[in-house]
Amino acid sequence: MTSSTVTSSQPDRPARPNLVFRGLRGGRSPAEFAAAVRRAAREIGERVCCDARYIGRVESGEIRCPNYAYERVFLHMFPGRTLTDLGFAPRSSVRGRGARSASEAPVVHTTSPPNTISETRVAYEPYDTQDPYDPRNPYDPLGPYDTHDNYEESDVLRRAFMTGGGATVAAASLGPFGLAFDAAAAERPVRRAGASEASVLEEAVRRIRLLDDRHGADGLYRRAAAPLRAAYALLDAGTTRQVTADRLHSGAGELAISVGWLAHDSGRFDDARSHYAEALATARVTGDAGLEAHAFCNTAFLARDCGRPREAVRAAQAAQRIARPLGSDRLMSLLALREAGGWAGLADRAGCEQALVRAQALFGRGHSDADPEWMSFYGEAELEGLEAQCWSMLGDWPRAARHARRAARLQDPHFTRNIALYTAELADDLARGGRPDEAAAAGMRVLDLLDQVQSSRVQAMLAGTARVLLPHRRASGVSEFLERHEGRPA
């Protein structure tokens, strides 16, 4: 269906709140209104990942004009009105050119430029069996990632990846992270990929994960797309040894998941879904059960965050079926937590508690050689943090706060982003649980960390906490927190 990224040809301007749209929400909470938007979308055959944060962005004026899919949904919800009647700017004014009709809307997936909002209609479900020769398929090394401003970069990276030795490949793959590459590689003859290229691809995945652990996703997502394009071009170049081909496919799939996570954590849910589906297709083509379980694991987490808890349960259960023969209790523990999150989203306390008990028992069996490398983040702190999120979704604020506090205390200092996340969860749980002074103190600790961490997830949680604390300005520390939060650059 439709895909549109709204960009402006005008200089950046302060956002103007959309008071009309806020009035249409009435007495409903942002989450309740987002659920109404999703229901309306289903009525007309659209799919949008609308959540409370999206509604907040519309009402704050950050989203000045919705994409075509959202436009159809909103006009269905409010018959007889135009976008301007709903408080949005005319499409021509935000695109810098004449507006297109809905029938002329672009149909290709585009990656979001920095500081823009993109809501993309996904082309297929991650549960579908994909045809690797389908023209919409992600194996086109450039197609899913082309943007109007990077054709030359894409071509150079592709040629650099497909030629030259390990040093050239390493530089090309990590170029977006501050390293240069040998441009002369583009002039060398094309040859098949080898073990050195596979090693560099695996190292690129590790580097992206390391940077995300320390700094969060917002500043990394756009720069990570270029190595992913190059990785799939590398697969297309082929190799003479099956073991190398397997490493390349696994590395490309893991890189797709890592880039998908960067999209997920920075609020680009539809981009994330596309990347996870790409990794799932790669896993199925090669019969890589570990990669498939990882893709389903992240798909479950994304579905929960998109307000599709039943899909989260299904994806987590699919991941457990695939992962069971792999022999990693820690992996099975994490997948049980993903299932618990889905049950919590469905307000099924019994189902959630059963999955949590299973997750804790499996975690207690300890590490093993079968644990995947990508699970380095999953320790006791993450277990506590994910359980806190479950209790928060179920509205048990005191219990959620206890687990969030433990998570922040137990987290390895290396994982700066997670410390910020757990502390933001704690602040929100305390605020909603009627402890505004403690919530403000926790919020101040998060603000201290935001100089090092760029995560839309953390920022959105903190904004929600600030809204909850507004009526408690007179409580100790609350006014100071609110003033400092309001004074942060948007």
Side-chain angles (χ1 to χ4, degrees), residues 201-214 216-217 220 224 247 249-262 264-265 272 275-276 279-280 282-283 288-305 312 315-342 355-356 358-390 403 406-407 410-419 421-422 457:
L201 178 55
E202 292 160 353
E203 186 57 35
V205 175
R206 295 186 188 103
R207 182 162 174 76
I208 288 172
R209 289 174 182 159
L210 176 65
L211 291 170
D212 175 51
D213 291 341
R214 291 179 177 173
L220 299 177
R247 287 179 64 194
H249 277 89
S250 177
E254 290 293 345
L255 186 57
I257 292 174
S258 291
V259 175
W261 167 248
L262 296 178
H264 182 172
D265 195 44
H275 290 308
Y276 293 160
L280 188 58
T282 303
D288 187 333
L291 178 61
E292 187 172 5
H294 190 185
F296 269 128
C297 175
N298 280 44
T299 298
F301 198 22
L302 176 65
R304 189 207 71 174
D305 285 352
Q317 290 173 342
Q320 289 170 80
R321 288 193 299 272
I322 295 159
R324 195 165 287 113
L326 300 178
S328 170
D329 291 324
R330 284 291 167 92
L331 175 57
M332 292 297 292
S333 173
L334 176 60
L335 297 176
L337 282 169
R338 295 288 188 248
E339 182 183 341
L356 287 174
R358 195 163 68 250
Q360 292 158 355
L362 288 162
F363 185 89
R365 296 179 185 177
H367 291 286
S368 75
D369 292 339
D371 296 342
E373 180 183 351
W374 60 265
M375 288 191 65
S376 60
F377 72 93
Y378 185 54
E380 190 176 359
E382 182 73 3
L383 174 69
E384 294 285 347
L386 290 174
E387 183 165 353
Q389 292 174 17
C390 289
H403 287 282
R406 287 179 202 155
L410 291 167
Q411 183 60 68
D412 185 327
H414 160 78
F415 292 91
T416 311
R417 178 261 179 199
N418 279 4
I419 294 174
L421 176 68
Y422 302 148
R457 179 188 299 270

**Asked** Between Tyr276 and His264, what is the ring plane arrangement, given parallel below 30°, perpendicular above 60°, and tilted in between?
**Response** perpendicular
**Item:** Point-to-point distance, once rounded to the nearest 0.5 Å, from OG1 of Thr282 to NE2 of His249
**Value:** 7.0 Å
**Message:** Just verifying a value: how many Å separate Trp374 CH2 and Glu254 CD, rounded to the nearest 0.5 Å?
**Reply:** 8.0 Å
**Prompt:** Is there a side-chain contact between Leu386 and Leu334, using heavy atoms and a 4.5 Å cut-off?
**Reply:** yes
**Item:** Short N-O contact, Glu339 and Arg358, less than 4.0 angstrom
**Value:** yes
**Request:** Over 60° means perpendicular and under 30° means parallel, so classify the ring planes of Tyr378 and Phe363, tilted if in between.
**Result:** perpendicular
**Prompt:** Is the backbone of Asp329 close enough, under 3.5 Å, to the side chain of Ser333 for a donor and an acceptor to pair up by distance?
**Reply:** no
**Closest heavy-atom pair and its distance - Ala303, Ala312** = CB-N, 3.6 Å
**Closest heavy-atom pair and its distance - Ala293, Leu335** = O-CD2, 4.4 Å
**Message:** Do Arg304 and Gln389 make a side-chain contact, defined as non-hydrogen atoms from C-beta onward lying under 4.5 Å apart?
**Reply:** yes
**Asked** Where is the tightest heavy-atom contact between Ala336 and Ala355, given as atom of each residue plus distance?
**Response** O-CB, 3.6 Å
**Prompt:** Closest approach of Gly260 and Ala272, non-hydrogen atoms and distance?
**Reply:** O-CB, 3.3 Å
**Complete:** Minimal heavy-atom distance between Ala279 and Ala256, with the atoms involved, is CB-CB, 4.0 Å
**Request:** Scan side-chain atoms only and decide if Glu382 and Tyr422 contain a donor-acceptor pair under the 3.5 Å cut-off.
**Result:** yes
**Request:** Give, for atom CG of Leu262 and atom CD1 of Ile257, the distance between the pair rounded to the nearest 0.5 Å.
**Result:** 12.0 Å
**Prompt:** Atom OG of Ser328 and atom CE of Met375: how far apart are they, to the nearest 0.5 Å?
**Reply:** 5.5 Å
**Item:** Minimum-distance pair of heavy atoms, taken over all atoms of Leu337 and Ala359
**Value:** CG-CB, 3.7 Å
**Message:** With a 4.0 Å cut-off on N to O distance, would you call Arg330 and Asp371 a salt bridge?
**Reply:** no
**Asked** About how many Å separate OG of Ser250 and NE2 of His294, when rounded to the nearest 0.5 Å?
**Response** 10.5 Å
**Request:** Could you please spell out the steps behind the side chain to side chain contact (heavy atoms under 4.5 Å, CB included) verdict for Leu280 and Glu292?
**Result:** CA-CA 5 Å; Leu280 188 58; Glu292 187 172 5; 3.5 Å; yes
**Test item: Asp288 side-chain N/O and Leu291 main-chain N/O as donor-acceptor pair under 3.5 Å** = yes
**Request:** Applying side chain to side chain donor-acceptor pair (under 3.5 Å), run through Arg338 and Gln320 and close with a yes or a no.
**Result:** CA-CA 10 Å; Arg338 295 288 188 248; Gln320 289 170 80; over 6 Å; no
**Request:** Could you check if a side-chain atom of Asp305 sits within less than 4.5 angstrom of a side-chain atom of Arg457, using non-hydrogen atoms only?
**Result:** yes
**Item:** Intermediate values then yes/no, side chain to side chain donor-acceptor pair (under 3.5 Å), Gln360 and Glu387
**Value:** CA-CA 10 Å; Gln360 292 158 355; Glu387 183 165 353; 2.7 Å; yes
